[in-house]
Amino acid sequence: MDEAWRAELAELIAIPSVSADPAHRDDVKRAGEWVCELIRRIGGSAELTPFGERELVLGEIPASDGDGSAPTVLVYNHFDVQPPAPLELWESDPFELDVRGEWAYGRGVADDKGQLWLVLKAAQRLVEAGALPVNLRIAYDGEEEIGGHTIADWIAQDERGADACVIFDGGMLRRDVPTIELATRGLVGVDVKVRTGERDLHSGMYGGAALNAIHVLTRCLDAVLAGPDGLLPEPLRAGIAPATAEELEAWSQLPPGAEAISEAGARPLDPKAGDEFYVRTWAEPSTDVNGIIGGKPGVRNTTLSVEASAEFSIRLAPGQDAETVGAAAERLVRDAAPEGAELDIVVKGSNPGLVRADAPAIQLAVDAFEQALGKRPLLTRVGGSIPLMPALTEKGIDTILSGFALPESNVHSPNERFLVPYFAAGIDTVAELFTALGRLNG
Ligand SMILES: [Zn+2]
């Protein structure tokens, strides 16, 4: 690794910006300040800016040709990191960038400081060559690892917008198999409380005649679960944006779904779950009951319970609307309850995010990756939920979500690491990407 690069990145890694630990609150801010300073060194402007309860790095790096006609690209990364614990499992100091063999080690080197840094180095290279063809708007947060909402709130209120957004906070499928992730699933969380009487009763006296809240609850939950075909009831599938032919073709090149399930030590939901793994987890909604409370578990007794509660969550497929699906879920639960049962239901939700595979920014990005790496990136999706993606989708900002971490990068684990040659490859790719995005709106 280039010595000047190593020294620069080592400064950022050395700041223990652990957002989950209030004792590191000042370190999080210090990391933000350090990043602002790097942006200014590159020739841009940036300030650590209070927003809501936290602060964001907000900055700009103007296009080399300053006549104002260049497309605008929003860049997001995060400068906070996961806690390093358990420390004894680290083979080197988590806050000291250590290069051993082909890997660079340190907390945040993959998620996401190393990637934040390489994106800025690509911008720097283009600025120094007088060849940055886009106006970069920079918005970074220091609370990604604690699920902070500040960045999504900022994007929602931002009126300037952007022609595209670039987020490098992910990874390749495996070595030399880059991906661009087009979508994230949304999330609806539902709390259900059931009451069926004044007090718990003797089952010998009332069993067979009085409602039991636990029975009511299990019936209600059954109404929102997948059927034998593995699919949720139709009302919960409203609005699904089906995967495109290009996406399905890319997914067919991924490791078999049955393998993905068995490697996790899991059992398939039904006989088709392996074959349909990627469609089910990326392009279909799914319900999971996350917890049930009722009765007196572990104690042999003969009580008829009149109170029970559960939480379940629905991962929404791209294209779906959290409010619509949340209301449908509540209806299914209420319809499944017998007369006399009182239901108390609380629904909360966040939308999925989706970028169309044929969006011009995506097509330019696919070509740019191929140019830089000699490999076309696979168009994949994320089964989880990232609040930033729906915020961008709702603003109509096509987002290139990608990255250079690897499955063996130990993200969120001890000995987090980043493949050293991927710093140079990443900088080449991002420089090619910014150059290609210069042709947006052209
Ligand atoms: Zn991250």
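Atoms within a ligand are numbered from 1 in the order they appear, just like the ligands themselves. Nothing here was measured: the structure is a model prediction, and the numbers come from that model. Just so you know, residue 1 is the first one in the sequence shown, and it goes up from there.
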Novice: Are Asp158 and Arg137 close enough for a salt bridge, meaning some N to O gap below 4.0 Å?
Specialist: yes

Novice: May I ask you to decide if Arg417's main-chain N or O and Asn410's side chain share a donor-acceptor pair within less than 3.5 Å?
Specialist: no

Novice: Report the angle formed at the Zn ion (ligand 1) by atom NE2 of His78 and atom OD1 of Asp111, rounding to the nearest 10°.
Specialist: 100°

Novice: Tell me which one of Phe423, Phe168, Tyr105, Phe404 satisfies ring pair (Phe, Tyr, Trp, His ring centres under 6.0 Å) with Phe418.
Specialist: Phe423

Novice: Has Glu144 got an N, O or S atom lying less than 2.8 Å from the Zn ion (ligand 1)?
Specialist: no

Novice: Pick one: which of Asn77, Leu437, Thr399, Leu401 meets side-chain contact (heavy atoms from CB on, under 4.5 Å) with Val166?
Specialist: Leu437

Novice: So that I can check it, does any N, O or S atom in Asp169 come closer than 2.8 Å to the Zn ion (ligand 1)?
Specialist: yes

